[in-house]
Enquirer: 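Structure provided below as C-alpha cells; questions to follow.
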Amino acid sequence: MRRPTVVLGILGSQMDIGGRNRWDRWRPTVDLCRHDDLIVDRLELIHGNAHTELAEAVTADIAQVSPETRVRLHTLDFADPWAFEEVYAGLLDFVRAYPFRPDDEDYLVHITTGTHVQQICLFLLTESRYLPGRLLQTIPPARRDQGDPGGHAIIDLDLARYAPIAERFAEDARARESFLKAGIATRNAAFNELIAQIEQVAGVTRAPILLTGPTGAGKTRLARKIFELKQNRHQIRGTFVELNCATLRGDAAMSALFGHVRGAFTGAVRDRAGVLKMADGGLLFLDEIGELGLDEQAMLLRAIEDRVFLPVGSDREVRSEFQLVAGTNRDLRADVVAGRFREDLLARIDLWSFRLPGLRERREDIEPNLDYELERWSQRHGRKASFYGQARTAFLKFATATDAVWSGNFRDLAAAIERMATLAPGGRIAVREVEAEIARLRAAWSSTPVNTGDDLLTRLLGRERLAEVDPFDRVQLAEVVRVCAAARSLSDAGRTLFAASRLRKRSSNDADRLRKYLQRFDLEWADIHPEDA
C-alpha cells in the first residue's frame, strides 16, 4: 500500500507569482503538483506574512490542477531571508515543532524556491535528519508548450559532492552549544569532550550505550538528554522508559522487564506489558543493569539481538524495537570474572561505553552547578533563592576543598542547596545556613564508606599491572591517586599528602616529591588529569 507523500517547501515570492497570464508561466510550487509520476498528498508551504495573498492564490491554483493535494500554509517571517544564522534557526525551530511521522508518511523537501540561503538551510536540515526526508528539485521545461510542468528529481544525498556545504553546517553546529550539554553546567574540559563524543555516537547509531560511573554522577539525566536528542532529530518515535534494576527481585524482575500474562504466577490477575514493550519505538534506560540476575540477563540479551522476547507465562513472542541505554556503578568486567554478569551480554552493551566522573573529579563544576540548582529551586518554589556574598564564598571554599567527599556526587549538592534555600529566611542563604549545612554534610560523610581509589587505579594501570602491585603499596597508591584526582594541581596534591612532614622542612618541593612517587608506578600527573596534558 502506498504511503502518503508529503512535500515541504518555501513559497517562491518571485517564481510563484501568478496574474492574468499565470498559466503561461512555470511556477515551481504549482507545477510540482502536476506531474503524473509524483502524487503529492499534502503540501506544507512556508511563506512570510507579506506574501499571504500569494500563498492563498497558489493554494487555489493547486486545487484546480491537483484536487487530491491538501495544502497547509505556515507563516514564518525572516527579518533578513539572506542571513544564514537567522534562517537556519527559524527553520530549525519549525521542523522541531512539526509532528513528523516517518513510519507512516514519505517526506520530500522542495529546494527549488526560496532564497539560496533558505535552500542551503533546507539541505542542511535534511542532511542532519532534522527533516526526515529526501530532497526534491523541480526543473523548468525547455518550452512552455501546452502547459508542460517541466521535470523533477528526487535527490539522494551524496555528501562528497556537497563538502563545502557540509563543512559550513559543521562550523555552525560547533558554534552552537552541544545539545546534550545544554542544562548540564560544566567547565571541565574532559567532561566537555566526553559529552561531545556521546552526542556524536547517539546521533548516528541505535546500538546500545553503556554509561558507567558512581551513583549520583548524572547517568539518568544524560540518558534522558540522549532521548531528547534522538527525538529532535526524528530518529525515535516512542517514549522514554526508565527502570532501576536494583529494585527488582524474583518474579517481579521478569515481569517488570518482559511483562506477564494473566495467571502466570500468584497475584498476576491481569496482563502486564513490561518496560521492554513500553519502550517499543523509544528509548529504554536500564539503570544499575549489573543488579540483574543471570536469567534476566539471558532474556535481555535475546531481546537486544533479536528484538523479541517471551512475557512470563506466555508462549507467544512479543516484538519490540527499542534503543537501550544502560547505566551501572559496578565494574562489570570484574562481575564477569566472578560469574555475576554474562560475558556475552557485556560484549553486546559495551560497544559504546562512557564513564561519567564523580563530582570530586569535576570540582571546577561545583560553582556552575550551584547556580543551576539555585535556579531549579527557584522554579519549583516560585520564589528567588540566592547566597549572600560571604556565604557563597564560604560554601564554595568548603565544597571545592580536597577533603570534601561528595560521596553522593550531584545528589549531595542538590540536597544541600534544597536544605539551605528552604531554611534561609526569604530564600537568602547566609553564613549561618552554610555552616549548619557543612556540619550536616561532614557528619553524613563520616558514616559513609569512601571509595579508596581502587576504581581509578584499575583505570590507570589496568588489571594486569595492578595485580603486580603488592597489597601494601596498593592501599597507599590508591589514596595518593584519589587525592590527585581531587586536586587542582600537582602542588596542591603535594601539600595535602605531605601536610605534616612539610612543616618540619625549611624548604619543601611537594610537587617534586609527589612526581617521583608516581613515577615509581610509571604514572604521570597527566595520566590522572588528561585535561591538563
Side-chain angles (χ1 to χ4, degrees), residues 187-194 197 212-215 217 328-338 346 350 353-366 398-407 409 445-446 448-533:
R187 298 171 180 169
N188 184 282
F191 189 70
N192 271 319
E193 183 177 349
L194 175 71
Q197 291 176 357
T212 68
T215 299
T328 184
N329 64 358
R330 302 174 64 108
D331 183 343
L332 295 184
R333 296 193 181 281
D335 285 349
V336 167
V337 174
L346 178 59
D350 195 33
S353 179
F354 302 96
R355 179 186 176 275
L356 273 62
L359 186 56
R360 281 179 294 169
E361 299 173 62
R362 293 172 53 193
R363 291 182 187 270
E364 63 269 55
D365 286 345
I366 290 177
F398 156 77
T400 58
T402 54
D403 60 347
V405 176
W406 295 115
S407 54
N409 294 292
W445 293 341
S446 66
T448 302
V450 178
N451 188 328
T452 61
D454 284 343
D455 290 345
L456 184 55
L457 268 188
T458 303
R459 182 162 60 89
L460 290 172
L461 298 179
R463 295 193 176 281
E464 293 184 2
R465 286 179 59 197
L466 187 58
E468 298 173 356
V469 179
D470 288 334
F472 177 85
D473 291 324
R474 188 184 304 179
V475 173
Q476 184 182 59
L477 181 58
E479 176 62 12
V480 169
V481 297
R482 185 190 70 80
V483 171
C484 288
R488 296 182 180 86
S489 66
L490 192 66
S491 297
D492 183 30
R495 283 191 293 271
T496 301
L497 289 165
F498 304 119
S501 61
R502 71 191 306 271
L503 298 177
R504 297 191 293 270
K505 297 177 178 291
R506 290 186 177 180
S507 62
S508 177
N509 190 337
D510 302 319
D512 187 58
R513 291 176 67 187
L514 178 54
R515 185 182 295 107
K516 289 177 179 177
Y517 174 83
L518 292 172
Q519 286 174 349
R520 287 173 48 195
F521 302 95
D522 296 324
L523 288 174
E524 300 284 347
W525 175 260
D527 296 327
I528 305 171
H529 284 272
E531 68 274 15
D532 294 341

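In what follows, every heavy atom counts, from backbone to side chain, and hydrogens, waters and symmetry copies are set aside. Owing to the predicted nature of the structure, the values given are computational and were not obtained by experimental measurement.
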Enquirer: Search all heavy atoms of Leu523 against all heavy atoms of Leu460 and return the closest pair with its distance.
Expert: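 Where Leu523 meets Leu460 most closely, the heavy atoms are CD2-CB, 4.2 Å.
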
Enquirer: Tell me the closest heavy-atom pair linking Asn409 and Gly358, and the distance in Å.
Expert: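 Shortest heavy-atom contact: OD1-CA, 3.2 Å.
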
Enquirer: Taking the side chain as every heavy atom from C-beta outward, state whether Arg355 and Pro357 have any atom pair closer than 4.5 Å.
Expert: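 Touching, per the 4.5 Å side-chain cut-off.
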
Enquirer: I need the Arg495 CZ to Ser489 OG distance, nearest 0.5 Å.
Expert: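 Interatomic distance, Arg495 CZ to Ser489 OG, rounded to 0.5 Å: 5.5 Å.
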
Enquirer: Could you go through Leu477 and Leu461, starting from their C-alpha distance and side-chain angles, then the distance that decides it, and tell me whether this counts as side-chain contact (heavy atoms from CB on, under 4.5 Å)?
Expert: CA-CA 11 Å; Leu477 181 58; Leu461 298 179; 4.0 Å; yes

Enquirer: Determine whether Val480 and Leu514 make a side-chain contact, defined as any pair of heavy atoms from C-beta on separated by less than 4.5 Å.
Expert: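 Yes. Closest side-chain heavy atoms under 4.5 Å.
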
Enquirer: Which atom pair, heavy atoms only, marks the closest approach of Leu346 to Arg333?
Expert: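 Here Leu346 and Arg333 meet closest at CD2-CG, 3.9 Å.
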
Enquirer: Check whether Asp510 reaches the backbone of Ala493 with its side chain - one donor and one acceptor, N or O, closer than 3.5 Å.
Expert: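 No: the side chain of Asp510 does not pair with the backbone of Ala493.
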
Enquirer: In Å, rounded to the nearest 0.5 Å, how long is the span from CG of Leu194 to CZ of Phe354?
Expert: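 Separation between the atoms: 7.0 Å.
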
Enquirer: Would you name the heavy atoms of Ile528 and Cys484 that are closest together and state the gap between them?
Expert: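 Closest pair (atom of Ile528, atom of Cys484, distance): CD1-CB, 3.7 Å.
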
Enquirer: Minimum heavy-atom separation for Asp522 to Asp527, with atom names?
Expert: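 The pair with the smallest heavy-atom distance is O-OD2, 4.0 Å.
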
Enquirer: According to salt bridge (Lys or Arg N to Asp or Glu O under 4.0 Å), who are the partners of Asp512, at least two apart in sequence or on a separate chain?
Expert: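 In terms of salt bridge (Lys or Arg N to Asp or Glu O under 4.0 Å), with neighbours along the sequence ignored, Asp512 is linked to Arg515, Lys516.
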
Enquirer: Who passes ring pair (Phe, Tyr, Trp, His ring centres under 6.0 Å) against Tyr517, sequence neighbours left out?
Expert: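 Residues passing ring pair (Phe, Tyr, Trp, His ring centres under 6.0 Å) with Tyr517: Phe521.
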
Enquirer: Got a second to check how far Leu356's CG is from Asn329's CG, nearest 0.5 Å?
Expert: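 The CG atom of Asn329 is 12.0 Å from CG of Leu356, to the nearest 0.5 Å.
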
Enquirer: Give a yes or no on whether a salt bridge exists between Glu479 and Arg482, defined as a side-chain N under 4.0 angstrom from a carboxylate O.
Expert: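 Yes.
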
Enquirer: Between the side chain of Trp406 and the main-chain N/O of Glu361, is any donor-acceptor distance below 3.5 Å?
Expert: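 Side chain of Trp406 to backbone of Glu361, a donor-acceptor pair under 3.5 Å: no, none is there.
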
Enquirer: Considering non-hydrogen atoms only, spot the tightest contact between Arg474 and Leu466 and give its length.
Expert: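 Heavy atoms only, the tightest pair is NH2-O, 3.2 Å.
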
Enquirer: Could you check whether any side-chain N or O of Arg360 sits under 3.5 Å from a backbone N or O of Ala404, counting only pairs where one atom can act as donor and the other as acceptor?
Expert: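 No.
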
Enquirer: For the pair Trp445 and Phe398, name the ring-plane relationship: parallel under 30°, tilted 30 to 60°, perpendicular over 60°.
Expert: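 Ring orientation of Trp445 relative to Phe398: parallel.
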
